[in-house]
Amino acid sequence: MAIAGQVVLAIVIGLLIGSVLGLLIWKAWMFRHRKALRLAEQERSVAQYTHILDSLEVLCRAVEQKQVELSEAAIRISALLDSLPADISPKVDVAAIHQFAETCQQFDRGEGRKGLTSRARHSQDNYRWQLEDEQAFVVGEAVQRLVTVLPSWRSVLLSGSSR
């Protein structure tokens with residue numbers, strides 16, 4: 001009986017050691033898996049921020065060179081800025097862009113615009129062009145301020161130190 005007790009004790013100890021080793025292996029695997037997921041998420045964030053910053057640079061250049069309507073650029077720039085982290089620094093005053101984009105939301109776009117009569121479309125265009133003329137200087141200054149911080153934002157966001 002003593003031998004049977006020793007065998008059972010050896011089996012229990014073996015099972016206990018196996019369980020502890022299995023748990024340690026599982027924890028190590030989970031640690032590596034989580035690390036890989038974090039790295040993949042960081043890579044996605046870097047790619048996303050790179051795309052956003054590239055788009056902002058192109059839009060700002062297009063505004064400076066008057067290659068795009070100011071209303072369309074303001075809407076797009078505002079949406080892109082909203083995609084960046086709120087704690088991005090250095091801070092820059094681009095409120096004029098957001099305000100103008102908000103003002104431009106009243107105009108029909110896409111399918112809604114196609115449904116307008118030519119008279120209504122022309123009326124909206126004239127009013128939008130008037131607003132663009134009135135806001136061109138203020139929005140242009142905000143775009144210039146944005147251009148000056150984009151390189152800093154790029155280094156902060158792409159190095160991962162903003163989060």
Is Ile52 reachable from Val46 through a run of I, L, V, M, F, W or Y residues, each pair having side-chain heavy atoms under 4.5 Å apart? yes
Show the atom names and distances, to 0.1 Å, of all donor-acceptor pairs under 3.5 Å that link a side chain in residues 24-36 to residues at least two apart or in another chain.
none

For the side chain of Gln124 and the backbone of Phe107, is there at least one donor-acceptor N/O pair under 3.5 Å apart? no
Looking at Lys91, I'd like to know if its NZ atom is crowded, meaning that more than 12 non-hydrogen atoms belonging to other residues, nucleotides or ligands lie closer than 6.0 Å. yes
Could you walk me through whether Val68 and Arg76 pass side chain to side chain contact (heavy atoms under 4.5 Å, CB included), step by step? CA-CA 11 Å; Val68 65; Arg76 291 174 186 252; over 6 Å; no
Are the side chains of Leu84 and Leu56 in touch, meaning some heavy atoms are under 4.5 Å apart? yes
Please determine whether the number of non-hydrogen atoms from other residues, nucleotides or ligands lying under 6.0 Å from atom CG of Leu37 exceeds 12. yes
Report the distance from atom CD1 of Ile77 to atom SG of Cys60, rounding to the nearest 0.5 Å. 4.5 Å
Set of side chain to side chain donor-acceptor pair (under 3.5 Å) partners for Glu69, sequence neighbours left out: Arg128
Kindly indicate, with the supporting measurements, whether the criterion salt bridge (charged side-chain N to carboxylate O under 4.0 Å, His left out) is fulfilled by Arg38 and Glu41. CA-CA 5 Å; Arg38 278 193 306 272; Glu41 178 61 30; over 6 Å; no
How long is the span from the CZ atom in Arg121 to the CG atom in Asp108, to the nearest 0.5 Å? 10.0 Å
Rounding to 0.5 Å, atoms OH (Tyr127) and OG (Ser71) come to a distance of 12.5 Å
Is Ser55 reaching over with its side chain to a backbone N or O of His51, donor-acceptor style, under 3.5 angstrom? yes
Hey, are Gln144 and Glu64 close enough side-chain-wise for a donor-acceptor pair under 3.5 Å? yes
Between Lys114 and Glu111, does any side-chain N to carboxylate O distance fall below 4.0 Å? yes
Listed by chain and number, what are the side chain to side chain contact (heavy atoms under 4.5 Å, CB included) partners of Gln99, not counting sequence neighbours? Ala95
pair Asp125-Arg113: side-chain heavy atoms closer than 4.5 Å: yes
If you look at every heavy atom in Ala136 and Leu70, which pair is closest and at what distance? CA-CD2, 3.5 Å
Report, as yes or no, whether the 6.0 Å neighbourhood of atom CD on Glu102 holds more than 12 heavy atoms from other residues, nucleotides or ligands. no
Write down the atom of Val139, the atom of Phe100, and the distance for their closest heavy-atom approach. CG2-CB, 3.8 Å
For residues Val94 and Ala142, report the shortest heavy-atom separation together with the two atoms involved. CG1-O, 4.0 Å
Residues forming a side chain to side chain contact (heavy atoms under 4.5 Å, CB included) with Val149, sequence neighbours excluded: Pro90, Val92, Leu146, Trp153
Output yes when a side-chain donor or acceptor of Ser78 lies under 3.5 Å from a complementary backbone atom of Ile75, and no otherwise. no
To the nearest 0.5 Å, atom CD of Gln48 lies from atom OG of Ser83 at 7.0 Å
Rounding to 0.5 Å, atoms CD (Gln67) and CG (Leu59) come to a distance of 11.0 Å
Can you name the nearest heavy-atom pair linking Val156 to Ser89, along with the distance? CG2-O, 3.9 Å
I need the Ile11 CD1 to Leu16 CG distance, nearest 0.5 Å. 13.5 Å
Which residues pass the side chain to side chain contact (heavy atoms under 4.5 Å, CB included) test with Arg154, sequence neighbours left out? Thr50, Leu53, Asp54, Glu57, Leu158
Suppose we screen for side chain to side chain contact (heavy atoms under 4.5 Å, CB included). Which residues come up paired with Glu141, at least two apart in sequence or across chains? Phe137, Arg145
Which heavy atom in Ala73 sits nearest to a heavy atom in Val63, and how many Å separate them? CB-CG2, 3.4 Å
